[in-house]
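The structure under discussion appears below in the form of structure tokens.
Just so you know, ligand 1 is whichever comes first in the structure, and atom 1 is the first atom listed for that ligand. Every value quoted in this text rests on a predicted model; they were computed, and no experiment measured them.
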Amino acid sequence: MPRSVMVTGGAGFIGANFVYHWVGAHPADQITVIDALTYAGNRDNLAPVADHLSLTFVHGDICDSALVSRVIAERTVDTIVHFAAESHVDRSIVDPGLFLQTNIIGTQVLLAAARAAWRVEGGYRDGVRFHHVSTDEVYGSLAIDAPPAVETTRYEPNSPYAASKAAADHLVRAFHRTYGLPVTTSNCSNNYGPCQFPEKLIPLLLINALEGKSLPIYGDGMNIRDWLYVGDHCRAIEAVLERGRPGEVYNVGGDAPMTNLEVVRTLSRLIDEAFSAEPALAARFPSSPAARGGTTLSLLKFVTDRPGHDRRYDIDGSKIAAELGFRPAEGFESGLRQTVEWYLANEEWWRAVLDGSYREWVSQHYGDGGPAGQARPL
Ligand code: NAD
Ligand code: DAU
């Protein structure tokens, strides 16, 4: 039975990768992306699937209750995959208010709209599901010798971003316990891959390296993150939607915990190797040390630490492996190599994002995006 899937935040990094995956794996399904196109949202992220006839884009805010309810009704949505969020920790330290609005209120608006639309006498329509995409940051910083976080690890969010995601997780749980809404939640580790906005560590380092700018590493560089290739994350969400039990939480990790210094060293080596293998790169990126036979790692610069910087995240993915048969398939080095190749092949994408001409560029390519709230094909 084909589904009608609403993807919130589908013009962002993980949401767009999820749409690619879903369109390929479930071509009969109808997909509706709802996205406010904040600085992190990019219509061009959906260009690879723009010809997919059953894909509709709605330019709108998840906090707009009337809009969300209308879209669920008009598109007879039976599955919501909720990615839309303010997602960058550093920005949450500068301006927490927006994070509370989007991540908490936005989630509550979606839950209430789903509940109202899906209720029938004695319960909910068959086959409906609200899937909430959350983060390992809700568990806070693990001690160096502590076991990786499991689904029952105590919540200890330390940044305004993590606190807002924790609040959203609790609301999702509450809508299940109080109203019986069929929900699932996944808490996953650091993603990387195509289309990631270049404020996050890996694309920021990669683009800085190509431009010969310093590679800023906070503090001593010994903070640990578990890196997950975005395609694996999309497969994990698919497994939860297809086989996950309503009311359950599933942790998703990449089996690749490492320090930020290890990340910058591996990435620098892969960039150096790419320049050695492809002499034309030196002409395209003459400011990169690799273009002059130097090493990318020479750009490394330790900078002031992030306030409240969590020392270590690590995820125990044994529940999703045992119950749903999901394991990450991509190794860190091969996933990172693909990521380097994607950014090298999509220089126009990241230049447009970086130079601020993105919105002008989008209007040339797609028109003005339409009035807010108007559903239209891509
Ligand atoms: P992103 O910042 O790249 O994209 C967020 C998207 O949400 C953008 O397209 C933006 O326009 C949209 N959006 C923001 N506010 C909105 C609003 N009010 N209404 C509608 N759309 C809005 O984020 P991402 O990295 O793709 O993360 C997606 C989700 O996954 C988030 O919920 C995040 O917390 C979670 N997550 C991310 C990671 C990671 O490593 N990136 C890891 C674990 C969990
Ligand atoms: O763990 C999952 C989370 O991963 C997601 O929930 C967030 O949405 C996502 O942004 C990410 O959060 P992090 O704070 O871990 O990611 P970020 O890329 O900002 O930083 C990764 C690590 O690198 C972290 O220890 C901080 C450090 N860092 C980051 C930047 C941007 C640097 O050392 N230098 C930098 O310039």
Side-chain angles (χ1 to χ4, degrees), residues 7-18 33-43 45-46 58-64 67-68 81-93 98-99 101-103 105-107 109-110 132-139 141 149 157-159 161-162 164-165 168-169 186-193 195-205 208 214-228 230 233 237 251-254 258-261 263-264 300-306 308-315 372:
V7 181
T8 74
F13 160 49
I14 308 174
N17 278 279
F18 178 80
V33 169
I34 177 165
D35 198 297
L37 297 179
T38 67
Y39 79 94
N42 187 334
R43 278 285 288 274
N45 290 349
L46 293 169
V58 179
H59 181 200
D61 188 334
I62 55 164
C63 300
D64 181 343
L67 169 68
V68 166
V81 189
H82 176 34
F83 294 96
E86 288 295 331
S87 69
H88 191 41
V89 173
D90 292 330
R91 287 181 188 250
S92 82
I93 294 168
L98 182 57
F99 284 70
Q101 177 66 19
T102 298
N103 300 359
I105 302 299
T107 300
V109 165
L110 288 166
H132 173 57
V133 180
S134 191
T135 170
D136 61 0
E137 303 212 4
V138 297
Y139 301 120
S141 194
N158 290 322
S159 69
Y161 162 73
S164 70
K165 293 296 288 187
D169 293 7
S186 50
N187 291 81
C188 90
S189 59
N190 285 61
N191 285 217
Y192 66 101
C195 297
Q196 187 167 29
F197 195 87
E199 64 188 353
K200 308 283 167 61
L201 181 68
I202 287 177
L204 180 134
L205 296 178
N208 278 12
S214 63
L215 308 181
I217 294 296
Y218 298 160
D220 63 3
M222 294 304 286
N223 304 70
I224 295 170
R225 298 292 183 267
D226 176 10
W227 293 95
L228 173 70
V230 65
H233 185 192
I237 294 171
N251 279 357
V252 184
M258 64 191 80
T259 64
N260 293 336
L261 277 177
V263 171
V264 71
L300 190 150
K301 186 177 179 197
F302 290 101
V303 299
T304 309
D305 209 352
R306 169 187 281 173
H309 193 178
D310 283 337
R311 194 67 171 168
R312 174 179 169 236
Y313 303 144
D314 197 359
I315 275 285

inquiry  = Students should be able to answer this: which protein heavy-atom is nearest to atom 23 (O) of ligand 1, and at what distance?
reply    = S87 OG, 3.3 Å

inquiry  = Closer than 4.0 Å to some heavy atom of T38 - which atoms of ligand 1 meet that?
reply    = 10 (C), 11 (O), 14 (C), 15 (N)

task = Using a strict 4.0 Å cut-off to heavy atoms of L37, name the atoms of ligand 1 that fall inside it.
result = 11 (O)

ask   = Which ligand 1 atoms does Y161 reach within 4.0 Å, using its non-hydrogen atoms?
value = 33 (C), 34 (O)

ask   = Does NZ or CZ of R225 fall inside the cone over Y192's six-membered ring, less than 6.0 Å from its centre and within 45° of the axis?
value = no

message = Out of G60, C188, A84, who is nearest to atom 22 (C) of ligand 1 when you count heavy atoms only?
response = A84

Distances only, to 0.1 Å: what are the N or O pairs between ligand 2 and the protein that fall under 3.5 Å?
residue: ligand 2; atom: 1 (O); partner: D136; partner atom: OD1; Å: 2.5
residue: ligand 2; atom: 1 (O); partner: N190; partner atom: OD1; Å: 2.7
residue: ligand 2; atom: 4 (O); partner: N190; partner atom: OD1; Å: 3.4
residue: ligand 2; atom: 4 (O); partner: N190; partner atom: ND2; Å: 3.1
residue: ligand 2; atom: 6 (O); partner: T135; partner atom: OG1; Å: 2.7
residue: ligand 2; atom: 6 (O); partner: Y161; partner atom: OH; Å: 2.6
residue: ligand 2; atom: 8 (O); partner: S87; partner atom: O; Å: 2.7
residue: ligand 2; atom: 8 (O); partner: Y161; partner atom: OH; Å: 3.0
residue: ligand 2; atom: 10 (O); partner: S87; partner atom: O; Å: 3.1
residue: ligand 2; atom: 12 (O); partner: E137; partner atom: OE2; Å: 2.7
residue: ligand 2; atom: 14 (O); partner: R306; partner atom: NH1; Å: 2.6
residue: ligand 2; atom: 14 (O); partner: R306; partner atom: NH2; Å: 3.4
residue: ligand 2; atom: 15 (O); partner: N190; partner atom: ND2; Å: 2.8
residue: ligand 2; atom: 15 (O); partner: R225; partner atom: NE; Å: 2.9
residue: ligand 2; atom: 16 (O); partner: N190; partner atom: ND2; Å: 3.4
residue: ligand 2; atom: 18 (O); partner: L201; partner atom: N; Å: 2.8
residue: ligand 2; atom: 19 (O); partner: R306; partner atom: NH2; Å: 2.9
residue: ligand 2; atom: 23 (O); partner: N260; partner atom: ND2; Å: 3.3
residue: ligand 2; atom: 25 (O); partner: R225; partner atom: NH2; Å: 3.3
residue: ligand 2; atom: 25 (O); partner: N260; partner atom: ND2; Å: 2.9
residue: ligand 2; atom: 25 (O); partner: H309; partner atom: NE2; Å: 2.7
residue: ligand 2; atom: 33 (O); partner: Y218; partner atom: N; Å: 2.8
residue: ligand 2; atom: 34 (N); partner: P216; partner atom: O; Å: 2.9

inquiry  = Show the atoms of ligand 1 that are less than 4.0 angstrom away from any heavy atom in S134.
reply    = 43 (C), 44 (C)

note = In this structure, atom 9 (O) of ligand 1 is nearest to the protein heavy atom D35 OD2, 2.6 Å

inquiry  = So, using ring-ring contact (aromatic ring centres under 6.0 Å, His included) as the criterion, who are the partners of H132 when residues are at least two apart?
reply    = H82

key: For V133, atoms of ligand 1 separated by under 4.0 Å from a heavy atom   = 30 (O), 32 (O)

query = Is there a donor-acceptor pair under 3.5 Å between the side chain of S141 and the backbone N or O of R311?
reply = yes

key: Shortest heavy-atom approach to atom 19 (N) of ligand 1 - which of I62, L46, N45   = I62

message = Just checking Y313 against Y139, ring centres under 6.0 Å apart?
response = no

key: Nearest-neighbour protein heavy atom for atom 41 (N) of ligand 1, which is reported as residue plus atom name and distance   = I14 CD1, 3.7 Å

remark   = among protein heavy atoms, the one nearest atom 5 (C) of ligand 1 is A85 O, 3.5 Å

request  = Name the option, out of F83, F99, Y313, that contains the heavy atom nearest to atom 31 (C) of ligand 1.
outcome  = F83

ask   = Which residues pass the side chain to side chain contact (heavy atoms under 4.5 Å, CB included) test with S159, sequence neighbours left out?
value = V89, S92, E137, Y161, A162

ask   = What atoms in ligand 1 come closer than 4.0 Å to a heavy atom of A11?
value = 9 (O)

remark   = for atom 40 (O) of ligand 1, nearest protein heavy atom and its distance come out as N191 N, 2.9 Å

key: Atom indices of ligand 1 within 4.0 angstrom of D61 heavy atoms, with elements   = 17 (C), 18 (N), 19 (N)

ask   = Do F302 and Y218 have their ring centres less than 6.0 Å from each other?
value = no

message = As an exercise, identify every atom of ligand 1 less than 4.0 angstrom from a heavy atom of N190.
response = 40 (O)

task = Please name all residues satisfying side chain to side chain contact (heavy atoms under 4.5 Å, CB included) with D61, sequence neighbours left out, ordered by chain then number.
result = C63, D64

query = Donor-acceptor pair, D310 side chain versus R312 backbone, under 3.5 Å?
reply = no

query = What protein heavy atom is closest to atom 3 (O) of ligand 1, reported as residue, atom name and distance in Å?
reply = F13 N, 3.2 Å

